[in-house]
Amino acid sequence: MRAKLLKQAGICVLIALALLISKNSNIGILEQGADTVLAQMSVNYTAEDIKEGAQRGVAAVASLPGKVNTAVSVMTGTSSYGDPIDEEFDGDEATIYAVGAGQVTAVGENEEIGKYIRITHGSDGESLYGNLKKTYVEVPSKVKKGQIIGIYEKSDTAEFYYSFREFN
């Protein structure tokens, strides 16, 4: 996967370089071609499109560890849930991940745990994530293990809240 991303990034750099060279080549047909390509790109791709594409890329890469863990647990016959947060994070924010695949059953805010997300993991149990700065999921969306579901911001008044309740 990493090799594929690097290859795609390299191709994008080469295309951008080719457009730059063509645009400044003083060769009419190359300059006209570069102008046409750039005009087409500006019509079809806005800055928001590029930003959304980058966010989808980040979410896809972030979900890879969950997919690997799920495959391993299926092969070994064990049930394992992931970590909901990167414990060692730089800056003031941390990414929050779904510990397992499931369905979002509640997104809200209350006095005890602030902004929160509740996910039901089939008949296994339910996870609850609280004191979030941002939430990226809605009821009744389905999530995958390792999917980014929110952001926690470091705070002196409210620690990240997480609980998992097993169903009997």
Side-chain angles (χ1 to χ4, degrees), residues 1-12 41-168:
M1 179 67 162
R2 183 177 180 196
K4 185 176 179 181
L5 288 174
L6 289 174
K7 183 178 179 181
Q8 289 175 345
I11 290 170
C12 288
M41 287 174 66
S42 68
V43 169
N44 290 324
Y45 300 104
T46 65
E48 188 63 30
D49 293 333
I50 294 169
K51 181 180 174 184
E52 288 175 13
Q55 289 172 337
R56 285 193 307 270
V58 167
V61 170
S63 72
L64 288 177
K67 290 177 182 177
V68 170
N69 287 341
T70 300
V72 169
S73 67
V74 167
M75 290 171 34
T76 62
T78 61
S79 176
S80 65
Y81 286 91
D83 293 323
I85 188 171
D86 290 329
E87 287 297 330
E88 296 185 27
F89 53 93
D90 293 326
D92 293 335
E93 294 183 347
T95 304
I96 305 303
Y97 306 95
V99 296
Q103 184 167 4
V104 178
T105 55
V107 175
E109 189 168 352
N110 69 30
E111 291 179 15
E112 292 178 22
I113 59 171
K115 282 187 184 179
Y116 67 88
I117 299 169
R118 177 178 292 124
I119 300 172
T120 300
H121 306 281
S123 60
D124 290 342
E126 131 184 308
S127 56
L128 182 62
Y129 315 80
N131 291 323
L132 304 176
K133 177 183 178 183
K134 295 179 187 174
T135 58
Y136 296 137
V137 292
E138 299 175 343
V139 175
S141 60
K142 293 188 184 286
V143 297
K144 297 177 182 176
K145 182 177 182 179
Q147 179 178 332
I148 297 172
I149 59 171
I151 296 290
Y152 163 73
E153 185 174 43
K154 284 184 185 178
S155 168
D156 293 334
T157 58
E159 291 184 15
F160 171 66
Y161 178 87
Y162 168 72
S163 69
F164 188 89
R165 181 175 63 101
E166 289 187 69
F167 299 145
N168 292 331

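- Summarising the geometry, atom NE2 belonging to H121 is positioned 11.0 Å from atom CD belonging to E166; distances are rounded to the nearest 0.5 Å.
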Y152 vs I85, side-chain contact (heavy atoms from CB on, under 4.5 Å): CA-CA, chis, key distance, verdict: CA-CA 9 Å; Y152 163 73; I85 188 171; 4.0 Å; yes

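- With sequence neighbours left out, K134 forms a salt bridge (Lys or Arg N to Asp or Glu O under 4.0 Å) with no residue at all.
- Of all non-hydrogen atoms in P84 and Y129, the two that sit nearest each other are CB-CE2, 3.7 Å.
- No more than 12 heavy atoms of other residues, nucleotides or ligands sit less than 6.0 Å from atom CD of E159.
- Closest approach of F164 to S127, counting heavy atoms only: CD1-CB, 3.9 Å.
- Atom-to-atom distance recorded for Q103:CD and I119:CD1 is 10.5 Å, nearest 0.5 angstrom.
- The distance from the CD1 atom of I149 to the NZ atom of K144 is 15.0 Å, given to the nearest 0.5 Å.
- When all heavy atoms of Q147 and V137 are compared, the pair lying nearest together is NE2-CG1, 4.2 Å.
- Of the residues listed (I117, T105, I113), the one engaging L128 in a side chain to side chain contact (heavy atoms under 4.5 Å, CB included) is I113, and it is the only one.
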Verdict with supporting geometry, Y162 and I96, side-chain contact (heavy atoms from CB on, under 4.5 Å): CA-CA 10 Å; Y162 168 72; I96 305 303; over 6 Å; no

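- Without hydrogens or angle criteria, K115 side chain to K133 main chain gives a donor-acceptor distance under 3.5 Å.
- For K142, there are no side-chain hydrogen bond (donor to acceptor under 3.5 Å, both in side chains) partners two or more places apart in sequence or in a different chain.
- Looking only at side-chain heavy atoms (C-beta outward), F167 and D124 stay at 4.5 Å or farther from each other.
- Checked against side-chain hydrogen bond (donor to acceptor under 3.5 Å, both in side chains), T157 has the following partners two or more places apart in sequence or in another chain: S155.
- To the nearest 0.5 angstrom, E126 atom CD is 5.0 Å from T120 atom OG1.
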